[in-house]
Amino acid sequence: MIGRLNHVAIAVPDLAAATATYGNALGAKVSAPIPQPEHGVTVVFVELPNTKIELLHPLGDNSPIKGFLERNPSGGIHHVCYEVADIYAARDRLKAEGARVLGDGEPKIGAHDKPVLFLHPKDFYGTLIELEQA
Ligand code: CO
């Protein structure tokens, strides 16, 4: 069911430093910082030949990654995003398999203006999974 790896999101305590690490030391193509106030993050996109890395930094007081950075002060992998062809079919299949869909179970418009869902990390070996309808 799942398709391509759309992105890996890494929460970082210092966005400028992380951007320099990816842009300079690792030699990747990096975007300018993009504030996404509706998602409570500022994002830098790192373009790789086969996928993307998203460097996430909290924006605002209610950022969904604030607690994660408090528990992981030097940063860490926050989630991975897999593409699916049909987000509703994916959700129904996962619920039937016993997986927990976060929130109210309804897809929301994500950071790429496409419908997304998040799956409980305890059902997926400690990894928060985002599904995005590609
Ligand atoms: Co994401």
Side-chain angles (χ1 to χ4, degrees):
M1 178 180 72
I2 59 170
R4 284 166 28 99
L5 174 67
N6 185 278
H7 61 271
V8 175
I10 302 176
V12 301
D14 183 333
L15 193 54
T19 302
T21 298
Y22 270 85
N24 299 334
L26 291 171
K29 185 179 175 196
V30 295
S31 77
I34 300 167
Q36 298 190 324
E38 67 280 22
H39 295 292
V41 291
T42 301
V43 184
V44 167
F45 294 98
V46 180
E47 277 184 45
L48 305 184
N50 61 339
T51 190
K52 295 187 292 284
I53 305 295
E54 295 185 4
L55 305 175
L56 305 180
H57 187 71
L59 177 61
D61 291 334
N62 297 316
S63 174
I65 64 168
K66 191 177 168 198
F68 181 89
L69 274 175
E70 283 167 2
R71 293 189 301 277
N72 303 276
S74 57
I77 294 179
H78 183 261
H79 64 269
V80 298
C81 177
Y82 302 127
E83 296 179 0
V84 295
D86 181 332
I87 195 105
Y88 290 99
R91 176 197 63 186
D92 293 346
R93 173 183 171 139
L94 283 154
K95 285 173 90 169
E97 294 286 339
R100 285 167 283 183
V101 177
L102 297 187
D104 63 5
E106 290 304 310
K108 301 284 187 297
I109 296 304
H112 311 125
D113 294 324
K114 291 177 177 171
V116 302
L117 284 173
F118 284 91
L119 306 176
H120 201 300
K122 286 191 175 158
D123 295 333
F124 296 95
Y125 313 98
T127 307
L128 177 61
I129 292 179
E130 179 180 21
L131 297 179
E132 180 176 293
Q133 185 167 289

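Note that ligands are numbered from 1 as they come in the structure, with each ligand's atoms numbered from 1 the same way. All values below were derived from every heavy atom in this structure, side-chain atoms included, with hydrogens, water molecules and symmetry-related copies excluded. Note that the structure is a prediction, hence the values are computed from the model and not measured.
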Return the NE2 to NZ distance between H112 and K52, rounded to the nearest 0.5 Å. 5.0 Å

Does Q133 use its side chain to pair, donor to acceptor, with the backbone of I87 at less than 3.5 Å? yes

Protein N, O or S atoms lying under 2.8 Å from the Co ion (ligand 1), listed by chain and number: H7 NE2, H79 NE2, E130 OE1

How long is the gap from CG on L117 to CG on D104, to the nearest 0.5 Å? 9.0 Å

Tell me whether N6 contacts the main-chain N or O of C81 through its side chain, where contact means a donor paired with an acceptor under 3.5 Å. no

Between OG1 of T127 and CG of L119, what distance do you get to the nearest 0.5 Å? 11.0 Å

How about E130 and H7: does a side-chain donor come under 3.5 Å of a side-chain acceptor? yes

